[in-house]
Amino acid sequence: MKVACTERSRALGARIAGQLGAGLADTTFSRFPDGEIYLRAGPLDDTTVVVGSLLSGDSLVELLLLIDACSGSEIRLVVPYLGYARQDRAFRPGEPVSARAMARALSSGVSRVVTVNVHKETVLSHFTVPASQVNLAPGVGDYIATLGLGEPLILAPDRGAEPFAAAVAARGGWEYDHLEKTRVSGSEVRIEPRNGGAWKGDVVLVDDIISTGGTIATATRMLLGQGARGVHAVCIHGLFAGTALSLLRSAGIGQVAASDTIEGPESRYSAAGPIVQALSR
Ligand code: R5P
């Protein structure tokens with residue numbers, strides 16, 4: 001078995017290979033003068049685990065090319081961050097179901113797909129091969145335990161994320177709750193406390209994705225304004241689009257952490273273990 005990874009999933013790919021006891025395929029990437037992507041992968045084995053997050057148009061092209069380059073072997077595809085999953089239905093006439101378009105494209109040539117905390121589980125049904133997700137909530141809980149916060153409140157920024165907050169909190173026997181979020185625009189949200197209550201201790205906001213940072217920054221300002229001792233944020237997929245990190249800092253956030261499904265300076269815990277367990281099932 002070999003593991004072949006796209007350019008932006010190299011660290012996680014290496015961790016997965018290490019835990020599988022598999023070799024890493026050499027992959028080289030370059031560009032043709034017109035911007036098209038060139039890659040080369042090998043040598044391969046009977047089975048290849050292809051690892052690559054779907055972050056952009058280029059990363060989709062890389063994944064499709066890598067799958068094709070590995071087509072002489074059985075391919076198990078790991079998409080740690082499945083981008084485009086938030087458009088999981090046509091919200092207005094004429095819109096695509098983007099998640100379905102991506103799932104169909106990524107099903108071609110692979111025997112199965114594993115992803116991590118997909119935005120909505122229904123997205124998995126769009127793959128035309130067996131697809132499953134792993135839940136990093138226990139890993140988030142284990143990471144929070146390393147922060148030495150004592151008895152933090154684990155808080156989801158909206159009702160939909162509360163089951164995730166509950167699973168995180170279960171790891172440390174902590175309290176959990178959710179806030180009420182109303183999205184005003186792509187980058188602006190309104191956040192209100194649920195019971196009008198205020199938490200004076202440490203709060204850890206947990207969410208699947210931090211993108212613009214608007215959700216977490218707004219929640220942080222509100223919680224600090226109500227007297228929270230400190231507010232921290234741990235997500236699975238740290239997109240940190242544009243000025244997200246400086247927005248979070250200026251809101252007064254303490255620790256900010258994400259997994260390595262999207263590799264960056266805030267990647268503080270790994271999805272490798274749960275992914276390897278899922279591949280072994
Ligand atoms: C929304 O449903 C997601 O769970 C996240 O809360 C959202 O993607 C965060 O986006 P942003 O960081 O742009 O507020």
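What you see below is based on every heavy atom in this structure, not just the backbone, and it leaves out hydrogens, waters and symmetry mates. Since the structure is predicted, the reported quantities are computational estimates derived from the model, not experimental observations. Numbers here are sequence positions counted from 1.
Taking OG1 of Thr261 as the reference point, atom CG of Leu54 lies at 12.0 Å (rounded to 0.5 Å). Leu147 CG to Asp202 CG: the interatomic distance, rounded to the nearest 0.5 Å, is 9.5 Å. Note that the CZ atom of Arg40 and the CG atom of Asp26 stand 9.5 Å from one another [nearest 0.5 Å]. Here Leu24 contributes atom CG and Cys5 contributes atom SG; the two are 5.5 Å apart, rounded to the nearest 0.5 Å. Taking CD of Glu263 as the start and CD of Glu7 as the end, the distance is 11.0 Å to the nearest 0.5 Å. Of the inter-residue distances, the one linking Thr128 atom OG1 with Arg104 atom CZ reads 8.5 Å to the nearest 0.5 angstrom.
The environment of OH in Tyr84 is sparse: at most 12 heavy-atom neighbours from other residues, nucleotides or ligands sit within 6.0 Å. Within a 6.0 Å radius of OH in Tyr176, no more than 12 heavy atoms belonging to other residues, nucleotides or ligands are found. Around CD of Glu175, the count of heavy atoms belonging to other residues, nucleotides or ligands within 6.0 Å does not exceed 12. Counting heavy atoms of neighbouring residues, nucleotides and ligands inside a 6.0 Å radius, atom CD of Glu192 exceeds 12 of them.
The backbone N or O of Ser259 lies less than 3.5 Å from a partner atom in the side chain of Ser267, making a donor-acceptor pair. At least one donor-acceptor pair closer than 3.5 Å links the side chain of Arg249 to the backbone N or O of Gly254. Judged purely by atom type and a 3.5 angstrom limit, His232 uses its side chain to pair as donor or acceptor with the backbone of Gln255. The backbone N or O of Arg92 lies less than 3.5 Å from a partner atom in the side chain of Glu95, making a donor-acceptor pair. Between the side chain of Arg183 and the main chain of Ser185, a donor-acceptor pair closer than 3.5 Å is present. A distance-only check finds a donor-acceptor pair linking the side chain of Arg268 to the backbone of Pro265 [under 3.5 Å]. Panel note: side chain Lys2, backbone Pro43; a donor-acceptor pair is recorded below 3.5 Å. In this structure a side-chain-to-backbone donor-acceptor pair under 3.5 Å is missing from Ser108 to Ala105. The closest donor-acceptor contact from the side chain of Ser53 to the backbone of Leu55 lies at 3.5 Å or more, if one exists at all. The closest donor-acceptor contact from the side chain of Asn117 to the backbone of Leu136 lies under 3.5 Å.
Taken together through direct or relayed side-chain contacts under 4.5 Å among Ile, Leu, Val, Met, Phe, Trp and Tyr, Val78 and Val134 form part of one hydrophobic cluster. Linking ILVMFWY side-chain heavy atoms closer than 4.5 Å, directly or via other members, places Ile210 and Ile191 in a single hydrophobic cluster. The same ILVMFWY cluster, assembled from side-chain heavy atoms under 4.5 Å apart, contains both Leu179 and Leu248. Note: the hydrophobic cluster containing Val114 also contains Leu20 (ILVMFWY, side chain heavy atoms under 4.5 Å, direct or indirect links). Criterion: ILVMFWY side-chain heavy atoms under 4.5 Å apart, direct or through other members. Under it, Ile216 and Ile144 are not part of a common hydrophobic cluster.
In the model, His178 has a side-chain atom that pairs as donor or acceptor with a side-chain atom of Glu162 under 3.5 Å. Remark: the Asp208 side chain and the His237 side chain contain no N/O donor-acceptor pair separated by less than 3.5 Å. Ser73 and Asp46 share no side-chain donor-acceptor pair at under 3.5 Å. No side-chain N or O of Thr115 forms a donor-acceptor pair with one of Gln133 less than 3.5 Å apart.
The closest side-chain heavy-atom distance from Thr48 to Val3 is not below 4.5 Å. Under the 4.5 Å side-chain criterion, counting only non-hydrogen atoms from C-beta, Ile209 is in contact with Arg86. Proximity of Glu62 to Phe29: side-chain heavy atoms (C-beta onward) are separated by under 4.5 Å at one or more points. Proximity of Val206 to Val140: side-chain heavy atoms (C-beta onward) are separated by under 4.5 Å at one or more points. Between Ile253 and Val256 there is a side-chain heavy-atom pair separated by less than 4.5 Å. Put simply, the side chain of Val51 does not reach to within 4.5 Å of the side chain of Thr6, judged on heavy atoms. Contact annotation: the side chain of Tyr81 never approaches that of Ile236 to less than 4.5 Å [non-hydrogen atoms, C-beta and beyond]. Looking at heavy atoms from C-beta onward, Asp142 lies out of side-chain contact with Tyr269 at the 4.5 angstrom threshold.
The existence of a salt bridge linking Arg10 and Asp260 is excluded, since no basic side-chain nitrogen approaches an acidic carboxylate oxygen closer than 4.0 Å. Remark: Asp158 engages Lys181 in a salt bridge, criterion side-chain N to carboxylate O under 4.0 Å.
Summarising the geometry of Ala131 relative to Leu124, their closest heavy-atom pair is CB-O, 3.9 Å, with the distance given to 0.1 Å. The heavy-atom pair separating Ile154 from Ala169 by the smallest distance is CG1-CB, 3.9 Å. Across all non-hydrogen atoms, the minimal contact from Val276 to Ile16 is CG2-O, 3.8 Å. Here the closest non-hydrogen pair linking Ala244 and Gly213 is CB-N, 4.0 Å. Ala103 and Ser107 make their closest contact through O-OG, 2.8 Å (heavy atoms, listed as atom of the first residue, atom of the second, distance). Closest heavy-atom contact between Lys200 and Gln226: NZ-O, 2.6 Å.
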Could you go through the side chain to side chain contact (heavy atoms under 4.5 Å, CB included) check for Val97 and Asp88 one step at a time? CA-CA 6 Å; Val97 180; Asp88 61 330; 5.5 Å; no
I'd like to know whether Leu155 forms a side chain to side chain contact (heavy atoms under 4.5 Å, CB included) with Trp199, so could you lay out the CA-CA distance, the side-chain angles of the two residues, the decisive distance to 0.1 Å, and finally the verdict. CA-CA 10 Å; Leu155 201 50; Trp199 181 261; over 6 Å; no
Between Met1 and Arg76, is the side chain to side chain contact (heavy atoms under 4.5 Å, CB included) condition met? List the steps. CA-CA 10 Å; Met1 181 184 284; Arg76 298 174 190 170; 3.6 Å; yes
Would Leu12 and Ile275 count as a side chain to side chain contact (heavy atoms under 4.5 Å, CB included) if you check the C-alpha gap in whole Å, the side-chain angles of each, and the deciding distance to 0.1 Å? CA-CA 10 Å; Leu12 177 55; Ile275 288 172; 4.2 Å; yes
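Residue Phe127 forms a side-chain contact (heavy atoms from CB on, under 4.5 Å) with just one option from Val113, Val110, Val79, Leu77, and that option is Val113. Remark: of the listed residues Thr27, Leu66, Asp68, Leu66 is the sole one forming a side-chain contact (heavy atoms from CB on, under 4.5 Å) with Leu39.
Glu151 pairs by the side chain to side chain contact (heavy atoms under 4.5 Å, CB included) definition with Trp174, not counting sequence neighbours.
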